[in-house]
Amino acid sequence: MTKNDNIEVTGQVVEVLADSKYRIKLENGHEIIGYASGRMKKNKIQVINSDSVLVELTPYDLTRGRITRRLTPGFTPNKFSSRRK
């Protein structure tokens with residue numbers, strides 16, 4: 001298993017928690033706790049309730065994830081959508 005074996009899924013923010021954490025409902029119905037990635041914090045991207053987000057999950061812990069981007073309406077993620085490689 002390599003470092004880049006992350007699972008990318010889309011979800012919707014259900015609740016904003018303390019310390020820049022969020023409760024996210026994934027498209028398959030599961031709820032996880034997510035946090036904003038460092039790049040989102042650096043660029044001061046705000047995430048509020050009912051925002052659609054792209055979340056990275058590791059295979060080790062599927063209950064926590066990292067929010068990598070906030071999605072705009074009409075956006076369909078694919079494997080080439082990430083700017084970072």
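Taking 4.5 Å as the limit, some side-chain heavy atom of Q12 sits within range of a side-chain heavy atom of S50. A 4.5 Å side-chain heavy-atom check between Y35 and R66 finds at least one atom pair inside the cut-off. Using a 4.5 Å cut-off on side-chain heavy atoms (C-beta onward), I33 and I24 make no contact. Within the 4.5 Å cutoff, the side chain of I32 has no heavy atoms near those of the L62 side chain.
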Practice item. Check the pair T10 / E27 against side chain to side chain donor-acceptor pair (under 3.5 Å), numbers first and verdict last. Key: CA-CA 6 Å; T10 58; E27 58 189 7; 2.6 Å; yes

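With hydrogens and angles ignored, the 3.5 Å screen pairs no side-chain donor or acceptor of D19 with any backbone N or O of K21. When atom types are taken as modelled, the side chain of R64 and the backbone of G34 share no donor-acceptor pair closer than 3.5 angstrom. Between the side chain of N43 and the backbone N or O of M40 there is no donor-acceptor pair closer than 3.5 Å.
When all heavy atoms of N28 and H30 are compared, the pair lying nearest together is OD1-N, 3.3 Å. Nearest heavy-atom pair, L57 versus G65, reported as atom, atom and distance to 0.1 Å: CD2-CA, 3.7 Å. Residue R70 comes nearest to Q46 through the heavy atom pair NH1-O, 2.6 Å, listed as atom of the first residue, atom of the second, then distance. In terms of heavy-atom proximity, K41 sits nearest to S20 at CE-OG, 3.7 Å.
V55 is connected to V47 through a chain of hydrophobic side-chain contacts under 4.5 Å among Ile, Leu, Val, Met, Phe, Trp and Tyr, so both are in one cluster. Both Y22 and I45 belong to a common hydrophobic cluster when Ile, Leu, Val, Met, Phe, Trp and Tyr are linked at side-chain heavy-atom distances under 4.5 angstrom.
Of the candidates L54, L26, V53, L26 is the only one forming a side chain to side chain contact (heavy atoms under 4.5 Å, CB included) with V9.
Here E56 contributes atom CD and I67 contributes atom CD1; the two are 11.5 Å apart, rounded to the nearest 0.5 Å.
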